[in-house]
Structures are given as structure tokens and as C-alpha cells.
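Heads up: the structure comes next, in C-alpha cells.
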Amino acid sequence: MKRPALRRTPGARAPLLLTVPALLAVAFLMLPLVGVLARTSWGGLGTHLTAEPTIQALRLSLLVSLWSLVLSLLFGVPLAWLLARVPFPGKAFVRSLVLLPMVLPPTVGGVALLLAFGRRGLLGPWLEDTFGITLPFHTSGAVLAATFVSMPFLVVSLEGALGGLRPRYEETAASLGASPVRVFLTVTLPMVAPGLIAGAALTWARALGEFGATITFAGNLPGTTQTLPLQVYLLLQESPEAATSVSLLLLAIAMIVLISLRGRWTGTPGGRRERSAPRPEEPTGPDVLPEPPSYVRESVPRERWPLHADVTGFTRLTLDAAPGTTIAVVGPNGAGKTTLLRALLGLTPRAHAQLRLGESDVTQLPPHRRGVAWVPQDGALFPHLSALTNTAYGLRTRGVPRAEARREAQSWLDRLGVGHLAHRKPGQLSGGQAQRVALARALAARPRLLLLDEPLAALDQTTRAHVRHTLRRHLAEFGGVCLIVTHDPVEAVSLADRVLVLDDGRVRQDEPPAEVTRHPRSPWVARMLGRNAWPGTATSDGLDLAGGGHLVVAEPLAPGTEALAVIASEAVSVHREKPTGSPRNVWPGTVREITSGGSRLRLLITSDRAPDLVAEITPQAAAELRIADGTEVWTGVKATEVTVVPL
């Protein structure tokens with residue numbers, strides 16, 4: 001299919017003040033290359049490149065550059081990881097040392113190497129006396145010089161790639177039981193492979209073209225240290241045409257490397273492969289899910305793991321739960337919900353958890369040995385692995401044979417309705433499909449403690465009900481404790497045995513869902529349940545509101561008690577004229593917002609005599625009252641409709 005021609009956007013022409021200098025810069029960079037091409041003796045190119053000295057120098061250049069690449073990978077990859085992942089004193093200084101060879105004149109670098117590793121240098125005599133190693137004027141010296149000037153390209157490229165890799169992938173792999181080395185080899189390196197390849201290519205090309213440090217430190221000995229750049233230097237004096245031909249060879253190699261990178265070094269979008277477009281949500285099958293195969297039922301651990309945790313730091317609480325307990329963790333943004341999960345995982349300095357699972361104190365254990373599985377908000381599926389391999393990852397880290405791990409992983413995918421997507425990569429899944437695969441991966445890992453950070457948030461209502469049913473059935477058989485961070489009251493009520501309400505890192509309420517629903521002690525929870533929540537101080541007949549105004553209640557608390565008044569939105573009556581009936585609490589106000597909530601309308605009403613109020617009325621009532629944005633109304637609340645909860 002022929003693509004439509006791109007049209008220039010009117011007014012998008014670059015200003016001449018920028019265009020002319022830019023074109024001059026391109027011409028300045030291009031002219032030397034044109035000079036090499038114009039002066040090349042094309043007829044004698046083959047003869048020049050196949051001459052014995054040139055072949056010998058080429059072989060030596062390849063040997064030196066490849067060994068330099070090996071050393072750069074061996075030492076540069078760990079250094080890049082250290083700079084990208086580990087905070088330590090003097091980090092800026094170390095990074096400056098890495099960058100120094102890139103800006104240092106190569107001959108100065110050669111002098112520095114000579115003073116460090118030469119026969120009269122700092123380490124040279126010791127190396128020669130102890131190991132019999134002499135680096136100057138030896139091929140190993142050329143390798144060392146090339147490594148010194150080329151390794152920074154690998155470190156800089158890989159550090160940038162690691163810096164762009166979200167730590168959630170590595171943290172999730174650790175929660176599935178992978179050791180740091182396994183995480184690095186199976187998750188980190190594959191995900192930063194483009195940056196690693198780009199850095200390796202640039203490192204090799206830079207080592208191949210190294211001249212100044214080599215001639216200063218290793219000398220110019222044919223067959224020993226005379227690489228192609230040094231050969232060019234000699235040929236310029238003896239045969240300029242041959243020097244041009246060899247220069248063309250080095251130029252071609254450099255251009256091939258840069259073109260093959262396609263922008264990866266500079267980080268331009270052209271160097272990154274576009275992610276496959278997520279596919280639309282597909283049917284998940286019937287609501288009644290099949291029973292798992294016998295080998296899965298038999299693999300369910302028989303052990304029971306009660307939870308005891310003392311959390312200190314930003315989040316402060318003591319948590320005890322019996323095996324099989326599901327706790328919904330709710331609260332406003334910044335309340336400390338995710339911090340609590342990360343403290344239980346041992347992944348955050350903001351909070352520390354003294355954690356006991358069953359009879360085992362796992363406080364001092366690293367995350368991969370705690371038996372705590374985590375599903376972050378975005379699922380953090382490893383993009384280079386299929387859905388099946390993702391799901392089997394935790395089993396494989398625990399030593400389960402590959403065939404058994406894949407069979408059990410497939411069963412979990414089937415149970416969550418995504419078994420037919422087992423061979424797709426995460427980039428080929430919709431958001432809901434990816435979240436179900438992440439959930440299957442955590443459930444398949446056989447954890448002692450299960451942490452779910454809004455696991456159903458990305459699902460539509462139908463799929464959410466389907467997955468909720470599957471999750472509830474698994475949690476009923478689970479021998480450990482499950483914590484679910486959620487903002488959905490339906491999830492909290494249907495999945496949890498307890499609701500833990502956090503605010504500013506402190507526990508506001510920890511009770512069964514029914515009690516939290518009837519008597520919420522947090523304004524945020526009350527609003528999450530669709531209710532009005534006003535804090536205040538109790539008086540003899542009601543509550544003096546913190547936001548101003550007075551509320552009359554049927555059952556007042558002891559005067560002076562800090563309390564929360566909870567009013568259901570459907571208990572608020574709305575009038576165009578001041579009501580004269582039974583409501584004890586009446587305020588004038590203005591409709592500021594109208595939203596639809598199922599078969600009813602929700603009105604946000606503001607008043608200078610009371611806090612903002614949410615009321616629910618039917619569309620028919622709204623039409624009769626001629627409600628619109630800005631309409632002046634009166635609101636009424638009966639004293640018997642107010643629930644007062646002490647704080």
C-alpha cells in the first residue's frame with residue numbers, strides 16, 4: 001500500500017539563522033570524507049589492502065580490538081551497573097574517571113599508562129618481578145592502551161540503558177525468588193541488550209582506530225604493536241596512496257558500525273524498536289472456571305504461614321494475621337500503602353519491617369529468599385519473555401524442572417483465562433491481559449506471603465469479576481497471608497477478611513469490611529464508599545465541624561470528642577426553596593458539578609455554612625427541580641441520617 005506523501009506544515013520552515021550554520025557544519029564534517037574518496041586510487045585499492053604489511057597490521061588490529069572488547073565487557077559491564085544502580089560516596093568522582101579517557105588527549109593517556117605500568121612506573125616493576133609481565137612494547141600493552149581509551153564508550157552507553165530500565169522489573173524478579181546474579185543475567189542484561197550492543201560496537205570501533213595511546217605506551221613495532229592506524233602513519237611518509245586506501249578501510253568500518261547502531265548511541269527514537277501495539281481484550285471464557293489439574297492441586301503447599309510484622313519508618317504499624325487471611329490496604333495517595341508492601345519485601349529504605357512468616361524470621365533475608373511474591377501496579381512483565389515463560393519464572397528460580405514449571409504455568413494461565421495467549425510477548429497483550437499474566441506469575445510462584453498492588457485496576461468490569469472469582473478461590477486455599485492494595489470498595493468487600501486503612505503512614509482502622517463500611521473512621525474511606533465525611537468536635541447536640549458550621553445528630557458523643565460525621569449521599573435532600581419539614585440540618589448552597597452514577601445523578605453542592613456536600617438524586621427529580629451547574633438550592637439532612645464515629 002502506497003503511503004501518502006508527507007506535506008510540510010505551513011510555518012514549519014527552519015529559520016535561515018539556524019539553517020545556514022547547520023549546513024556549514026555538515027559540509028565541514030563531510031569535506032574530509034569526500035577528500036578521502038576523491039584521493040583514493042581505486043585501481044590500486046586491492047593491491048594496497050592485500051600488501052603483507054597491511055594484512056599483518058589488520059590481523060594485529062583485530063586481535064587487539066577484540067581483546068580490548070573482551071576486557072571492556074568483563075570490567076565495564078559491572079562498573080556500568082554499579083554507577084546506575086548503587087549509591088555510594090564518591091560516585092561523581094568515579095563517573096568523572098570513566099569519562100576522562102574520552103576527553104583526554106590519547107598521547108597524554110599513553111604517558112599516564114607508561115607512568116603507571118611502564119618498567120619504571122608505579123606497578124610496572126612489581127608486575128615484571130612477580131609475574132614476569134612486561135606491558136610496554138608488547139601486544140598486551142597495545143591491548144591495555146586500546147582498553148583504556150575505548151571502555152568508557154561501553155560504560156556510558158550501558159549506564160544510560162540501565163538508568164532507563166525501571167527497577168520494578170528487577171525487584172519483581174527478586175520477589176519471585178531470583179538471586180541478584182540470576183536477575184542480572186535473565187532480566188537486566190536482556191532488557192538492556194540494545195544499549196550493551198551499541199556500547200560494545202562503539203568500544204570495538206574505538207579500539208580498532210586507537211593511535212595516540214598505543215604509539216606512546218606500546219610503541220610501533222611491526223607484528224607486535226603496529227596496528228592499522230600506526231600503519232597509516234608510516235605509509236603517509238612512504239606511500240601516500242596506500243595510506244589513503246588503508247584510511248578508506250578504517251573509514252568504511254567506522255561508518256558501518258555507526259549506521260548499524262541507527263541512533264542507539266544518541267538515544268534517538270530511530271534506534272529503538274517500536275513496541276507491538278497492544279491487542280484488544282479478548283473473551284476470557286465462561287465465568288465458571290475449570291478445576292486445576294491434579295498435579296497443580298497436589299503442589300499446593302500444605303504448610304500454614306501466619307504473619308507477624310512490626311513496621312517502622314514512614315509507615316508505622318504492627319500487623320498480625322492468621323494463615324489464609326486476606327487484608328485490603330486502602331488509603332489516599334501518599335498514605336504509605338506501597339511503602340508497606342515494599343517494606344515487607346525489604347526493598348525500601350523508607351520503612352523497615354521485622355517480618356516473621358510461620359516459624360521463620362525472614363527479616364535479615366534478602367528479598368529473593370523471603371518467599372514474598374509481589375505484583376506491582378503495572379504488572380512488570382519481562383518484555384523479552386513470553387507469557388508462559390514469565391509465569392514459569394518463579395518456579396524455575398526455585399529449581400522446578402522446566403517441563404513441570406511450564407505445565408503448571410500453563411495451568412495458571414488457563415485458570416485466569418489467558419492460556420491461549422501463552423506464547424505472546426507482553427507487547428502483544430492488552431493491558432488487562434498483561435495484568436492477568438502478572439497475577440498468574442505471582443500465584444504460580446508458591447509464595448508464603450502474597451502482595452498485590454492494585455492487581456485488577458487495568459481490567460474492565462466483566463473481566464474484573466472473572467479474575468476476582470479466580471483470585472477469591474485461590475486465596476481460600478492459600479496457606480499464607482495476602483495483602484491487596486486497592487481503591488475499589490467492591491474488591492475490599494468481596495476479597496478481604498480485614499480492611500487496613502492507612503493515612504500518612506499510620507493505621508486509622510483495621511476491622512472487617514462490614515464494620516469499615518458501616519462506621520468508616522477515615523474521611524477518605526467514607527468518600528471512597530460514596531459518602532460525605534466531615535471531621536469535627538462533639539457538642540451536646542451534635543458536632544462543630546472543622547470546616548465551619550454545626551451539625552445536629554440524633555446520638556451525640558461526649559462533648560469534646562474528636563469525631564467523624566458520615567452522611568450517605570442518598571440521605572441528602574435537595575430543594576429549590578428552604579424546606580420547612582423535619583430536617584434538623586438545612587443549608588443553602590450552589591450546584592458546582594453534576595456527574596452520572598448509574599441510574600442516579602451526583603451533585604456537588606458548595607455552601608458558606610457547611611463543607612462541600614455530595615447528594616444523589618434521580619434524573620427525574622433533577623428535571624423537576626431544573627438542576628444545572630450554578631443553580632441555587634437548599635440541602636437538608638435529618639439528624640437520624642448522620643452516623644458519628646469517634647476518631
Side-chain angles (χ1 to χ4, degrees), residues 32 57-80 82-83 93-118 121-124 127 133-160 195-221 224-234 246-247 249-258 261 264-266:
L58 177 60
R59 289 174 180 168
L60 184 62
S61 291
L62 293 175
L63 176 67
V64 169
S65 60
L66 289 175
W67 270 110
S68 174
L69 176 59
V70 170
L71 292 176
S72 296
L73 290 171
L74 183 62
F75 297 106
V77 170
L79 178 56
L82 189 73
L83 290 172
F93 176 72
V94 174
R95 185 176 284 112
S96 299
L97 287 179
V98 171
L99 297 175
L100 186 62
M102 300 180 72
V103 298
L104 198 67
T107 51
V108 176
V111 171
L113 289 172
L114 195 61
L115 295 176
F117 300 101
L122 296 177
L123 294 179
L127 290 174
I133 297 175
T134 303
L135 296 176
F137 307 104
H138 190 270
T139 304
S140 58
V143 172
L144 190 66
T147 304
F148 178 77
V149 299
S150 62
M151 187 170 65
F153 289 87
L154 175 70
V155 176
V156 170
S157 178
L158 186 55
E159 184 192 355
L196 177 62
I197 293 172
L202 288 168
T203 298
W204 176 76
R206 180 65 184 89
L208 186 68
E210 170 49 29
F211 172 81
T214 302
I215 197 172
T216 306
F217 177 62
N220 188 11
L221 304 178
T224 302
T225 63
Q226 189 178 94
T227 57
L228 272 181
L230 274 65
Q231 174 75 357
V232 171
Y233 177 73
L234 290 180
V246 178
S247 299
L249 174 61
L250 290 171
L251 174 62
I253 293 174
M255 289 301 296
I256 290 172
V257 169
L258 292 175
L261 294 181
R264 287 192 179 94
W265 169 249
T266 58

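Since the structure is predicted, the reported quantities are computational estimates derived from the model, not experimental observations.
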In Å and rounded to the nearest 0.5 Å, what is the CG to CG distance from Leu122 to Leu115? 7.5 Å
Please list, chain by chain and in numerical order, all residues satisfying ring pair (Phe, Tyr, Trp, His ring centres under 6.0 Å) with Tyr233, sequence neighbours excluded. Phe211
Side chain proximity check, Leu69 to Leu73, heavy atoms < 4.5 angstrom: yes
Rounded to the nearest 0.5 Å, what separation is found between the OG1 atom of Thr203 and the CG atom of Leu71? 11.5 Å
Leu230 versus Asn220, closest heavy-atom pair with distance: CD2-OD1, 3.3 Å
Would you compute the distance between atom CD1 of Ile256 and atom CG of Leu251 and round it to the nearest 0.5 angstrom? 9.5 Å
Sequence neighbours excluded - side chain to side chain donor-acceptor pair (under 3.5 Å) pairs with any residue from residues 67-80: Ser68-Thr147, Ser68-Ser150
Could you work out, with side-chain hydrogen bond (donor to acceptor under 3.5 Å, both in side chains) as the rule, every residue matching Gln231, not counting sequence neighbours? none
Which pair of non-hydrogen atoms, one from Leu228 and one from Ser61, has the smallest distance, and what is that distance? N-OG, 2.7 Å
Once salt bridge (Lys or Arg N to Asp or Glu O under 4.0 Å) is applied, what residue pairs with a partner in residues 200-216 remain, sequence neighbours excluded? Arg206-Glu210
Do the side chains of Leu79 and Phe75 get nearer than 4.5 Å, heavy atoms only? no
Looking at Thr134 and Ser140, what are the two nearest heavy atoms and their distance? O-OG, 4.0 Å
Has Thr225 got a side-chain atom pairing as donor or acceptor with Gly219's backbone, closer than 3.5 angstrom? yes
How far apart are the closest heavy atoms of Gln226 and Leu234, and which atoms are they? NE2-CD1, 2.9 Å
Sub-3.5 Å donor-acceptor pair from the side chain of Ser65 to the main-chain atoms of Leu62, do we have one? yes
Phe137 and Thr224: which non-hydrogen atoms are nearest, and at how many Å? O-CG2, 4.0 Å
In residues 93-112, what donor-acceptor pairs under 3.5 Å come from side-chain atoms, sequence neighbours left out?
residue	atom	partner	partner atom	Å
Arg95	NE	Glu159	OE2	3.0
Arg95	NH2	Glu159	OE2	2.5
Ser96	OG	Ala92	O	2.9

Heavy-atom nearest pair, Leu114 first then Thr216, reads CD2-O, 4.3 Å
Residue list, side chain to side chain contact (heavy atoms under 4.5 Å, CB included) with Leu144, at least two apart or on another chain: Phe117, Leu135, Phe217
Are the side chains of Phe148 and Thr214 in touch, meaning some heavy atoms are under 4.5 Å apart? no
